[in-house]
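Below is one structure; the comments refer to it alone.
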Amino acid sequence: GLSSVKKEINEIVKLVRYYSELGENVQDKFSSHIIFLGNPGTGKTTVARIFGEIYSALGILPKGHLVEIDRQGLVASYVGQTAQKTKEIVDKAIGGTLFIDEAYTLSKKGDSSDFGQEAIDILLKRMEDDRGKFICIAAGYTDEMKAFIESNPGLKSRFTKVIEFEDYTPDEMISIVKILLNSKKMKIAEIAMEPLRKYFMELYRGRDKHFGNARVVRNVIDAALKNHLLR
């Protein structure tokens, strides 16, 4: 899966090669902050880690580290603390990637006492002031993230790249089953493959924004392995 992600990375690699041949500084060319859109279990966090490593390997970022955070890690319950927390987190991410999971939770509509907006304001300022020194990736469910970005012109102007993580198809979920089992030096019997495929097809047909994708696969395999051991 992840065809849009792979396409994006291949294009970045080609562009870096091109700029390198021209002798230009690649750090100046890839300073866009990124939005990851997709349902749970589509690999947003995993890909964020890989992105950081790729950006480092290509010379876009001096370090390949990832600072992973959510609302709780940025927003405090007292006046003044949120700004300090947010600044410290961004400082840690300098040279690498800042990954904000479920970023839309920073904005609570109609709640004037919420400090989430303060965190957003600090983030926006640092994203501009330290442009090129770190990459910020904000991730979350598609509809919520689109509403979050639309709600603030500053966010829209900073996050100029959007990558959509498609749901895994039943065939891709079967591939993930094989990969997971292979990592445990096991394989699934052909007789068990057909009911599993039917189960994934049923889930896929009735999916909504809470469709678990690879998480569903992992849970099914964990349950199957437990039953296998008990038997």
Side-chain angles (χ1 to χ4, degrees), residues 1-39 42-70 73-74 83 85-104 106-107 119-142 144-166:
L2 301 177
S3 55
S4 59
V5 177
K6 291 168 184 172
K7 181 175 178 282
E8 180 67 35
I9 289 170
N10 281 325
E11 286 176 359
I12 290 168
V13 172
K14 284 178 186 173
L15 287 169
V16 167
R17 191 174 288 141
Y18 172 72
Y19 288 128
S20 296
E21 284 170 3
L22 292 179
E24 294 188 27
N25 183 358
V26 295
Q27 282 186 337
D28 302 335
K29 309 288 182 186
F30 298 91
S31 54
S32 296
H33 300 289
I34 309 166
I35 295 285
F36 281 3
L37 303 178
N39 284 332
T42 44
K44 298 184 293 294
T45 307
T46 304
V47 169
R49 292 188 189 117
I50 298 167
F51 247 79
E53 291 170 19
I54 289 170
Y55 269 43
S56 173
L58 294 173
I60 297 167
L61 291 170
K63 298 179 188 173
H65 73 295
L66 180 84
V67 176
E68 208 175 311
I69 205 76
D70 57 12
L74 293 171
K85 274 179 101 171
T86 306
K87 283 174 185 170
E88 285 172 5
I89 291 296
V90 174
D91 287 344
K92 278 186 193 172
I94 293 293
T97 307
L98 174 63
F99 179 73
I100 308 171
D101 198 16
E102 295 183 348
Y104 54 85
L106 288 173
S107 174
I120 292 170
D121 293 340
I122 299 287
L123 272 171
L124 290 176
K125 187 171 187 319
R126 292 296 299 270
M127 284 161 74
E128 195 55 49
D129 293 351
D130 295 314
R131 192 172 175 80
K133 293 181 183 174
F134 77 107
I135 299 291
C136 182
I137 298 175
Y141 299 158
T142 303
E144 285 87 339
M145 284 301 291
K146 282 181 177 173
F148 172 61
I149 295 299
E150 291 294 332
S151 71
N152 188 320
L155 288 168
K156 208 170 180 181
S157 65
R158 302 302 194 288
F159 289 103
T160 51
K161 194 184 288 291
V162 177
I163 300 177
E164 295 211 26
F165 286 63
E166 305 96 342

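Taking the six-membered ring where tryptophan is involved, the planes of F159 and H33 are perpendicular, since the angle between them exceeds 60° and thus also 30°.
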Validation: residues 88-97 side-chain donor-acceptor distances under 3.5 Å, sequence neighbours left out:
residue	atom	partner	partner atom	Å
E88	OE2	Q84	NE2	3.0
D91	OD1	R126	NH1	3.2
D91	OD1	R126	NH2	2.7

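Going from atom CZ of F148 over to atom CG of L155 covers 4.5 Å, rounded to the nearest 0.5 Å. Taken to the nearest 0.5 Å, the NE2 atom of H65 stands 9.0 Å off from the CG atom of L98. Here the straight-line distance linking atom NZ of K29 with atom OH of Y19 works out to 5.0 Å at 0.5 Å rounding. Note that CG of L61 and NZ of K133 are 13.0 Å apart. Values are rounded to the nearest 0.5 Å. Interatomic distance, CZ of R158 versus OG of S31, reported as 12.0 Å (0.5 Å rounding). Rounding to the nearest 0.5 angstrom, the gap separating the CD1 atom in I163 from the CD1 atom in I9 is 7.0 Å.
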Show your working on side-chain contact (heavy atoms from CB on, under 4.5 Å) between E8 and K161 and close with a plain yes or no. CA-CA 10 Å; E8 180 67 35; K161 194 184 288 291; 3.0 Å; yes
Pair I135, F99 - check side-chain contact (heavy atoms from CB on, under 4.5 Å), show working. CA-CA 8 Å; I135 299 291; F99 179 73; over 6 Å; no
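A distance of 6.0 Å or more separates the ring centres of Y141 and F165.
Across every non-hydrogen atom of K85 and G73, the tightest pair is CE-O, 3.5 Å. Nearest heavy atoms, S4 versus E164: OG-O, 2.5 Å. Nearest heavy-atom pair, L66 versus R49, reported as atom, atom and distance to 0.1 Å: CD2-CG, 3.3 Å. When all heavy atoms of K146 and L37 are compared, the pair lying nearest together is CE-CD1, 3.8 Å. Heavy atoms only, all atoms of each residue included: E68 and T45 are closest at OE2-CG2, 3.5 Å. Nearest heavy atom pair, residue A119 against residue L106, reads CB-CD2, 4.4 Å.
Checking side-chain atoms of T86 against main-chain N and O of A83 turns up no donor-acceptor pair under 3.5 Å. Remark: side-chain polar atoms of S20 are paired, donor with acceptor, to backbone N or O of V16 under 3.5 angstrom. When atom types are taken as modelled, the side chain of T42 and the backbone of N39 share a donor-acceptor pair closer than 3.5 angstrom.
Annotation: side chain of D121 is not in contact with side chain of K125 (no heavy-atom distance under 4.5 Å). You'll find the side chain of S56 stays beyond 4.5 Å of the side chain of K63, heavy atoms only. Between I12 and Y55 there is a side-chain heavy-atom pair separated by less than 4.5 Å. Residues N152 and L124 meet the side-chain proximity criterion, which asks for heavy atoms closer than 4.5 Å. L123 has its side chain within reach of L74: a pair of non-hydrogen atoms, C-beta onward, lies under 4.5 Å apart. Side-chain contact between F51 and V5: present, with at least one pair of heavy atoms (C-beta onward) separated by less than 4.5 Å.
In this structure, E21 has no salt bridge (Lys or Arg N to Asp or Glu O under 4.0 Å) partners at least two apart in sequence or on a different chain.
Cation-pi contact between K44 and F36: absent, since separation from the ring centre below 6.0 Å together with deviation from the ring axis within 45° is not met.
The 12-atom threshold is exceeded at CZ of R131, counting heavy atoms of other residues, nucleotides or ligands nearer than 6.0 Å.
When D130, I34, I100 are each tested for a side chain to side chain contact (heavy atoms under 4.5 Å, CB included) with C136, only one passes: I100.
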